[in-house]
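Excluded from the calculations below are hydrogen atoms, water molecules and symmetry mates; all remaining heavy atoms, backbone and side chain alike, are included.
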Amino acid sequence: MRRILLFALVGGAGFLVDAGVLALLLHVSPLGPFSARIVAVAAAMLVTFWLNRTFTFGRSDRGLAAEGTRYGGVGVSAALLNYAVYSAILLVFPAVWPVLAVAIASLAAMVWSFLGYSRFVFGASASSK
């Protein structure tokens with residue numbers, strides 16, 4: 001239960017980075033809500049990797065490069081799911097505030113990413129089984 005709580009807190013921090021970078025880019029740059037979101041997701045992914053590795057799951061026995069690659073794979077798949085839900089919301093409901101769409105999309109991707117990170121990234125490697 002502690003791990004799920006920490007994961008949720010890290011996810012909350014990732015959401016704040018994602019939504020904050022998105023809001024900032026929408027305010028100060030010519031980027032629209034779709035292209036700005038790509039930058040925001042990348043920033044959030046870097047922050048959550050560090051936080052999850054440090055506080056939620058701990059380091060695996062794979063090494064930083066392998067762990068980072070696996071995290072990136074799960075993170076990209078979760079980000080694609082997140083982005084698809086985000087885009088669908090904005091296309092179907094164009095009056096929705098983009099940050100609200102981020103919140104809904106982030107919740108949709110949360111289960112997928114927890115399972116992927118806990119089992120594929122930070123879980124025991126085949127050599128330690």
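Sorted pairs that involve residues 94-107 and meet salt bridge (charged side-chain N to carboxylate O under 4.0 Å, His left out), not counting sequence neighbours, are lacking altogether. Here salt bridge (charged side-chain N to carboxylate O under 4.0 Å, His left out) pairs that include residues 103-113, with residues two or more places apart or in two chains, number zero. Counting only residues at least two apart or in different chains, salt bridge (charged side-chain N to carboxylate O under 4.0 Å, His left out) contacts with residues 40-60 comprise R53-E67. For residues 75-95, no pair satisfies salt bridge (charged side-chain N to carboxylate O under 4.0 Å, His left out), with sequence neighbours left out. Here side chain to side chain donor-acceptor pair (under 3.5 Å) pairs that include residues 20-44, with residues two or more places apart or in two chains, are D18-R37, R37-N82.
Every residue two or more places apart in sequence or in another chain that forms a side-chain hydrogen bond (donor to acceptor under 3.5 Å, both in side chains) with T48 is listed here: Y71. Not counting sequence neighbours, the partners of S77 by the side-chain hydrogen bond (donor to acceptor under 3.5 Å, both in side chains) test are W112. Taking the ring-ring contact (aromatic ring centres under 6.0 Å, His included) definition, one finds that F15 meets it with nothing, sequence neighbours left out. Judged as a side-chain hydrogen bond (donor to acceptor under 3.5 Å, both in side chains), and not counting sequence neighbours, Y117 has no contacts. Every residue meeting the side chain to side chain contact (heavy atoms under 4.5 Å, CB included) condition with I4, not counting sequence neighbours, appears here in chain and number order: F114.
Hydrophobic clustering (side-chain heavy atoms under 4.5 Å, transitive across Ile, Leu, Val, Met, Phe, Trp, Tyr) keeps L107 apart from I104. F49 and M110 fall within the same hydrophobic cluster, where Ile, Leu, Val, Met, Phe, Trp and Tyr residues are linked whenever their side-chain heavy atoms come under 4.5 Å apart, directly or through other members. Hydrophobic cluster membership is shared by L64 and F122, with clusters built from Ile, Leu, Val, Met, Phe, Trp and Tyr side chains linked at under 4.5 angstrom.
The minimum heavy-atom distance between L81 and A109, with the atom names listed, is CD2-CA, 3.8 Å. Closest approach of S113 and F7 over heavy atoms only: OG-CZ, 3.4 Å. Between A108 and V85, the shortest heavy-atom contact is CB-CG2, 4.2 Å. For P33 against L22, the heavy-atom pair with the smallest separation is O-CD1, 4.0 Å. L26 approaches G32 most closely through the heavy-atom pair CD2-C, 3.6 Å. A pairwise comparison of heavy atoms in A79 and V41 identifies CB-CG1, 3.6 Å as the closest pair.
Taking 4.5 Å as the limit, every side-chain heavy atom of S106 sits out of range of all side-chain heavy atoms of Y86. S87 has its side chain within reach of Y83: a pair of non-hydrogen atoms, C-beta onward, lies under 4.5 Å apart.
More than 12 heavy atoms of other shown residues, nucleotides or ligands fall within 6.0 angstrom of atom CZ in F34.
When hydrophobic side chains of Ile, Leu, Val, Met, Phe, Trp and Tyr are connected at separations under 4.5 Å, V47 ends up clustered with V10, V17, V21, L25, L31, V39, W50, L51, F55.
Note that the CE atom of M1 and the CG atom of L6 stand 11.5 Å from one another [nearest 0.5 Å].
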